[in-house]
Each structure stands twice: as C-alpha cells, then as structure tokens.
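Since the structure is predicted, the reported quantities are computational estimates derived from the model, not experimental observations. Heads up: numbering here begins at 1 and tracks the sequence.
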Amino acid sequence: MTDLSQLLLYIPGIVIFLVGSGQVRQWLQIHRKGACIQAQVVSCKHVVKKDKKERELYNYYDVGVTYTNPDTKRLERLAVKSPTEYALNQPVRMLRGTGGIQPTLMEQKDEFPLNPWVMMIGGALLIILALEQNQGNEVPAMACLALIFLGVGVNLVLNYLSLKKRGLRPVEAEITALYTRQISQESKILKNSKFTYYPVVRYELDGQECVRRCNINSSGEKNFRVGDHMKLYYDPQEKVVLEKHASAASLAVGVLLTALGILVGASILTVVL
C-alpha cells in the first residue's frame, strides 16, 4: 500500500469525527440547565433580494418573537433571521445565549438517527482503525470495526425504540406553497440552473394554526403539489413537530449492523485463540 493510499484511509474518520464533535458541542449547549426558553412569534416577514442578473442573494424570513427573560423576568422582543416561515402567535423555542449573547431561534429539525457522541466516537475509532491497518495490526483493527458496527447498530435500534415509546401523534398538514431555492446558475460548464423545492405546509395543533417550511426537499417541482396533504408527527414530550417517524428500515439496518459487530467480535476470538 502506497503512502498516499494510507493517508486517504484517515480522511473518512477525520471528517466524521469533526462533524460529530460539532454536533456534540451543540448537544451540550441545548442540554445545559435552563438553555431553552419558550417564546411566541409576533411577526414574520419574507425577505428576498436578487442581483441585477436575477440571481438570488438573500432569501429568509425576518421573524419577531417575544419571550420572558429568565434573568430580569421581563417580556422582551427579538428579531431573528430564519429559513422557516412561522405563523403569528406560534410557540417556538429559543436557545439561551451565554456571556451576554442574545438567544437564538431553535429551528424545527428532525433528530439525526445517530447520537452525536456515537458519531464522534465512531470517527475516532475509524481513525484508529486506519492507523492499526496501516501498521498491519489485524486484531486491533478488527476490534475497532466491531465496535463501530455495534455502536451504530445499537444506536439505530435504540433510536427506533425511543421514537416508538414517545408516542408520536400524526398531524395532517396541507401543502400551501413551494419554497424554491436556487443552488446553481447556468454556465458554460453547467447546463440549466439547478433548484431545490421545499413544501410549505399549514396544519393545526391544539387549536393553533401553524405554518412550516419543511426540511424535506426535492430537485423536481412536481414532487410537491399545492393542495396535497402530508403527515407530520407531533412529539408530546418534547412539544415539537417532526417530519419523520420511527422507520422500520432504520430498525432493520440497526439489527444488521449489530449482528455484523457481534460476528466480527467473534472472529477476533478465532484469531487470538
């Protein structure tokens, strides 16, 4: 194996570790005591700006929210930029800043299937795996591979069971518009401009009408039609609306990876003994 190919083995682990460490940092910020503040939307204005060639420069919603400052106990108002449209009086959550930094809006996002800690540790194990493989240490490399399979597999299974236990409640939503975002401009190299389409939906939750620009998207405009209905899922424990529910496919992948991890671990014993 050449030196270049040996170095390339480290790249996946480094990338995954960096992404995971960033998610762990966000996880720690959200889960610190008193980090989340309940707020209410009082205004929402769509802002779009294009250059002389009609290329999109800015496309966001200027959202005004009111919240009770935990320190002063006073009602305060804050303007934030968001890619998501919100209805008036819609309840939202703010992430409390530290060191005098203003609170930031916690956007509506579905949970990532892999726990941030699992991703960060998995990235570190991939780096160690590449190191041991380059040094010709078969047993430690197999041990890292077994731990990666087991960690990801068990995480997917537990994530599935957690979503099922939380009792997500289906919410009927109607597509009211399409949010179009230009991701590339036609050029001499690229033929045709490229766009991504996001459905904007309206739904009712506990008697409150809400508007949401979904995170799911498509490169085809015809995949989402105004007037069509789609299901969202309300989590009564976290009081958030998700776009995905517990997936049987995710469970199947988790079980498969767990089984592979056990098999790789068992094969280590045959090498050692």
Going from [atom1] on [X] to [atom2] on [Y], what distance comes out if it is rounded to the nearest 0.5 angstrom?
X      : Y      : atom1 : atom2 : answer
Gln133 : Glu138 : CD    : CD    : 10.0 Å
Met106 : Ile37  : CE    : CD1   : 10.5 Å
Cys36  : Leu95  : SG    : CG    : 6.5 Å
Leu126 : Ile148 : CG    : CD1   : 4.0 Å
Leu232 : Arg212 : CG    : CZ    : 6.0 Å
Glu243 : Asn215 : CD    : CG    : 4.5 Å

Check whether any side-chain heavy atom of [X] sits under 4.5 Å from a side-chain heavy atom of [Y], and report yes or no.
X      : Y      : answer
Leu114 : Gln23  : no
Tyr10  : Asn134 : yes
Cys214 : Tyr198 : no
Glu76  : Tyr67  : yes
Arg166 : Leu242 : yes
Gln26  : Pro116 : no
Leu145 : Glu132 : no
Ile16  : Met119 : yes

> Counting N and O atoms only, with roles assigned by atom type, does the side chain of Thr176 sit under 3.5 Å from a partner on the main chain of Val200, one being a donor and the other an acceptor?
Replying inline: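 Here the side-chain-to-backbone pair exists.
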Under a single-linkage definition using a 4.5 Å side-chain heavy-atom cutoff for Ile, Leu, Val, Met, Phe, Trp and Tyr, are [X] and [Y] assigned to the same hydrophobic cluster?
X      : Y      : result
Leu163 : Tyr233 : yes
Ile175 : Ile216 : yes
Leu260 : Leu147 : yes
Leu256 : Leu150 : no
Tyr160 : Phe149 : no

Closest heavy-atom contact between [X] and [Y]?
X      : Y      : answer
Gly167 : Pro236 : O-CD, 3.7 Å
Val241 : Tyr203 : CG2-OH, 3.7 Å
Val226 : Ala177 : CG2-CA, 4.0 Å
Leu156 : Gly254 : CB-CA, 3.8 Å
Gly261 : Ala146 : O-CB, 3.7 Å
Cys144 : Ile128 : SG-CG2, 3.6 Å

> Can you list the steps and then say if Val139 with Ile268 is a side-chain contact (heavy atoms from CB on, under 4.5 Å)?
Replying inline: CA-CA 6 Å; Val139 173; Ile268 295 176; 3.8 Å; yes
> Can you list the residues that meet the salt bridge (Lys or Arg N to Asp or Glu O under 4.0 Å) rule with Glu209, with sequence neighbours excluded?
Replying inline: Arg202
> In terms of the angle between their ring planes, are His46 and Tyr61 parallel, tilted or perpendicular, with boundaries placed at 30° and 60°?
Replying inline: parallel
>> So that I can tick it off, tell me whether Arg169 and Asp206 are bridged by a salt bridge, with the cut-off set at under 4.0 angstrom between side-chain N and carboxylate O.
In response: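 Counted as a salt bridge, because a side-chain N and a carboxylate O are separated by less than 4.0 Å.
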>> Please identify which of these residues, Val152, Val157, Asn159, Leu158, meets the side-chain contact (heavy atoms from CB on, under 4.5 Å) condition with Asn155.
In response: Asn159
>> For Leu105 and Met94: C-alpha separation, side-chain torsions, deciding distance, then whether side-chain contact (heavy atoms from CB on, under 4.5 Å) applies.
In response: CA-CA 5 Å; Leu105 185 64; Met94 306 287 291; 3.7 Å; yes
